[in-house]
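Order of the sequence lines fixes the chain letters, A, B, ..., with proteins taken first and strands second; residue numbering starts at 1 for each chain.
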Protein chains: 2
Amino acid sequence: MFRQDGFHAEMAKTEPPRRRTRSPGAAVTLEMVAREAGVSPSTVSRILNGTARVRDAKTVAVRAAISRLKFTPNPVARSLARGKSAEVGVVIQSIDSPFYGEALAAIEKALIRAGYSALFVSGHWRESDERKSIEHLISRRVGGIILVTSCLADEELLRLARTTPLVLTGRRLAGPNLYAVDVDSTPGARLATDYLLDQGHRRIAFIGGSRDHPDARQRLAGYRAALAARRLPLQPRLMTDGDYSEAGGFQAMTRLLEQGQKFTAVFAANDQMAYGAMLALHRRGLKVPQDVSVVGFDDLPTSSYIVPPLTTVHRSINELGDAAAEAMIDLIEQLPPVAKVSAPTLAIRDSTRPLRA
Amino acid sequence: MFRQDGFHAEMAKTEPPRRRTRSPGAAVTLEMVAREAGVSPSTVSRILNGTARVRDAKTVAVRAAISRLKFTPNPVARSLARGKSAEVGVVIQSIDSPFYGEALAAIEKALIRAGYSALFVSGHWRESDERKSIEHLISRRVGGIILVTSCLADEELLRLARTTPLVLTGRRLAGPNLYAVDVDSTPGARLATDYLLDQGHRRIAFIGGSRDHPDARQRLAGYRAALAARRLPLQPRLMTDGDYSEAGGFQAMTRLLEQGQKFTAVFAANDQMAYGAMLALHRRGLKVPQDVSVVGFDDLPTSSYIVPPLTTVHRSINELGDAAAEAMIDLIEQLPPVAKVSAPTLAIRDSTRPLRA
DNA sequence: GATTATTTTGAAAGCGCTTGCAGAACCTAC
DNA sequence: GTAGGTTCTGCAAGCGCTTTCAAAATAATC
């Protein structure tokens, strides 16, 4: 009834306008390859996946057919048949931070190299958002999820790992089907504080991140450890928290200044807060480093170009991303994951100076 | 032979160690829903997709079954059956730039809202990399590709659009199955230059981007237009190019200074280059804005927190990302794409000051 | 050369969902 | 009531690949 009769066209108004676009090039299937090579589809599949030995002659014929037809296996069909996809979800908190951007780039690269793809979503530092993002990924049936500095509680993560391989960064946690890339920030923070101490500073303010963030706690721990090692007392008055943003750093420093605290140096738990702090100092007419030395953490690309260039803790984000991706792949392929990241270093630039005794 | 007989286990050594993990929770299928609701799978599918009218009673029963079983359709199976996936690829040049990060976040949000996912890859400003990334996406059978400031030539893009819906940003191009979100940078650049002129500056240096980038050309065009409107001659000596990075801006400014050029203001084609330029000025002992006013373009989040806070052209990247995503969805769903982005504004901060006559 | 152990292969049954087709159920109108 | 129209709904055939299972081909053994 709905044959091609042109004069019945008006009846077709309920039909959706979408027509099946059968692009001629992209539609090479495994079956076509099989026919072309004179073997069965199963054989082609086996050659493709190395799932079984196949006579050399056939292998050659199939390979030839594949390249002749320019065949690429359809990953969707493959995922369906295998029951698992070659996609891994990556949840990042705020993609607009250059720090995470770099990590994401590294993760993406490593994943693609191994034949996976990165399905990306963001969590905005909010538990609810993160949970929603994770659900989205799960409903998309990803093969695993990488959480770059998750906000979620340990138990929740462990529970999650029961259904999907999980890789975490920025926290320590052990469990089945789960791997935490160990990037303890304590040593880096220690390094920064020690440097300031070495330069003769004694009253060193600290601008930290949110206390309920494992990573932020580590940065604080490094600061404390450095002071403790020299038997210097911790001065709560000199410590305040920001939220890892420029605005947070600005406010934190403003607070410190308004309270009339005296200090000759400040260690900010990340570069963005250091920027904000520097602006606050500037607004009060204080010069960096003449009046106050500033040290940050992360070494964002911009940090060597601000005025004055920022002394800061450098870690290879690339390595971190790489490690996370590798661990994920290992988890998916049921191998014992290993990951190593090299030690942090201190990039010494112009925002610090020795305190003359 | 390979039944469950335990004592034959040693024969199974050729079997891969991977076992089919049948997580009990995630495996609800449409068929189970159908059975639970006492209807056929087709009916469930139709209800899910609204592809046909279904008796109310059944609809209710099915909906109940769905929520009782907590069913989520398997997107992989769906993609396979429909022949197209709900994933759109996003190619971004350098994710580690905060500018693109923001755009990516916006794109992601809009895509997810519409039920799609963002498959992300990066191009690193290199044609070859970009081409490879695109191929990766195509082999993954994405439903469409968004190219955020592509490096590729028009013809290549048009060719590409024949097989996959394409959305571009940062350039103008028209063609079937392709949509370019129009974000002409000329007006923004004009705005910035006009402002400097209004402040009395006459010798305004220009640090541009790569000439073979449409977007960079627009920024240059805006600068020229502003000068031309006041019948001021273009001074090639005051113009030099960077590569949109802090380092590039630094070098460009250094070059200008070494050539002994005189200017009271500089307009950098993006914020990152402005940062670099400011550092170069600082290194020469020149103060911003006392000696030289600086204007940037992009309004990165950091720009309001550097010292001094940067006067710069602001555009809603959010809107841009949104527009790109919306256009993509329209393209995929075969609707005429429309996209509107609001006009740029100038964020006036402390890096500029009026030139006293 | 017959028999048995091995290795290769193909047929076929899915993976979970969509969709064309045609029969079933339900309405109108005569 | 019954013919003629509509509106639901189920059947069954895919989508392109993987993976049993068992038959076919080859190699090994006596």
Side-chain angles (χ1 to χ4, degrees), chain A residues 1-3 11-12 14-16 18-22 26-35 37-59 61-62 66 69 71-86 139-141, chain B residues 1-4 11-16 18-22 26-35 37-59 61-62 66 69 71-86 139-141:
Chain A
M1 194 189 206
F2 275 29
R3 309 268 154 69
M11 304 181 66
T14 53
E15 217 177 358
R18 182 179 5 127
R19 64 216 122 93
R20 295 193 148 248
T21 320
R22 219 184 213 321
V28 186
T29 74
L30 178 147
E31 213 181 313
M32 297 167 65
V33 172
R35 204 162 336 143
V39 301
S40 79
S42 350
T43 302
V44 178
S45 170
R46 286 194 265 256
I47 291 175
L48 243 37
N49 303 292
T51 5
R53 290 202 50 74
V54 167
R55 193 129 320 190
D56 287 349
K58 302 211 171 183
T59 307
V62 169
I66 287 179
L69 265 45
F71 165 74
T72 346
N74 180 331
V76 178
R78 191 172 262 192
S79 298
L80 182 59
R82 293 217 260 245
K84 52 166 59 176
S85 86
S139 83
R140 277 274 186 269
R141 310 290 202 274
Chain B
M1 194 187 205
F2 276 28
R3 309 268 152 69
Q4 309 249 56
M11 302 183 66
K13 75 174 172 194
T14 53
E15 217 177 355
R18 185 181 0 129
R19 61 214 126 92
R20 294 192 149 249
T21 321
R22 216 180 218 319
V28 187
T29 73
L30 177 145
E31 212 179 314
M32 296 166 67
V33 172
R35 204 161 335 142
V39 301
S40 78
S42 349
T43 303
V44 178
S45 169
R46 287 194 264 256
I47 290 175
L48 243 38
N49 303 292
T51 2
R53 290 200 52 72
V54 169
R55 192 130 321 185
D56 285 349
K58 303 211 171 185
T59 307
V62 169
I66 287 179
L69 267 45
F71 166 75
T72 344
N74 179 330
V76 178
R78 192 173 259 193
S79 297
L80 182 59
R82 294 219 258 244
K84 52 168 59 177
S85 88
S139 82
R140 278 275 187 264
R141 310 290 203 271

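Separation of atoms CZ (A:Arg140) and CG (B:Asn74) is listed at 10.0 Å; rounding is to 0.5 Å. A distance of 7.0 Å separates OG1 of A:Thr29 from CZ of A:Arg35, quoted to the nearest 0.5 Å. Between the CZ atom in B:Arg141 and the OG1 atom in A:Thr72 there is a gap of 5.5 Å [rounded to 0.5 Å].
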Next on the checklist: Quick one, A:Val62 with A:Leu48, criterion side chain to side chain contact (heavy atoms under 4.5 Å, CB included). Give me CA distance, side-chain angles, the key distance, then yes/no.
Outcome noted: CA-CA 9 Å; A:Val62 169; A:Leu48 243 37; 5.8 Å; no
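Residues passing the side chain to side chain contact (heavy atoms under 4.5 Å, CB included) test with B:Thr43 are B:Val39, B:Ser40, B:Ile47, B:Val54, sequence neighbours excluded. A search for side-chain hydrogen bond (donor to acceptor under 3.5 Å, both in side chains) contacts involving A:Thr59 returns nothing, not counting sequence neighbours. Partners of B:Arg46 under the side-chain hydrogen bond (donor to acceptor under 3.5 Å, both in side chains) rule, at least two apart in sequence or in another chain, do not exist in this structure. With sequence neighbours left out, B:Ser45 forms a side-chain hydrogen bond (donor to acceptor under 3.5 Å, both in side chains) with B:Asn49.
Applying the 4.0 Å criterion to OP1 and OP2 of D:dT9, one finds that B:Thr43 has every side-chain N and O outside that range. A sub-4.0 Å separation between OP1 or OP2 of D:dG10 and a side-chain N or O of B:Ser40 is present. Here B:Lys58 reaches the OP1 or OP2 of D:dG10: one of its side-chain N or O atoms lies under 4.0 Å away. For C:dT18, one of the phosphate oxygens OP1 or OP2 lies less than 4.0 angstrom from a side-chain nitrogen or oxygen of B:Arg78.
Contacts of residues 45-56 of chain B with DNA chain D (heavy atom under 4.0 Å): B:Arg46, B:Arg53, B:Val54, B:Arg55.
For A:Ala34 against A:Pro41, the heavy-atom pair with the smallest separation is CB-N, 3.6 Å.
With D:dT9, C:dC17, D:dG16 as the candidates, the nucleotide lying closest to the side chain of A:Ala81 is D:dG16. Closest to the side chain of B:Leu80, out of D:dC17, C:dG10, D:dC15, is D:dC15.
With rounding to whole Å, A:Met32 atom CE is found 15 Å from D:dC17 atom C1'. Spacing between atom NZ of A:Lys84 and atom C1' of D:dT19 amounts to 15 Å, rounded to whole angstrom units. Here C:dG14 presents its P atom at 20 Å from CG of A:Leu30, a figure rounded to the nearest Å. Rounded to an integer number of Å, the gap from A:Arg35 CZ to D:dG16 P is 12 Å. Here the P atom of nucleotide D:dG16 and the CD1 atom of A:Ile66 are 16 Å apart, to the nearest Å. Atom CZ in A:Arg82 sits roughly 7 Å away from atom P in D:dT19 (whole-Å rounding).
Recorded end-axis angle for the helix from C:dG1-D:dC30 to C:dC30-D:dG1 stands at 40°, based on five pairs per end and rounded to 10 degrees.
For D:dC11, its base sits under 3.5 Å from the side chain of B:Ser42 at one donor and acceptor pair at least.
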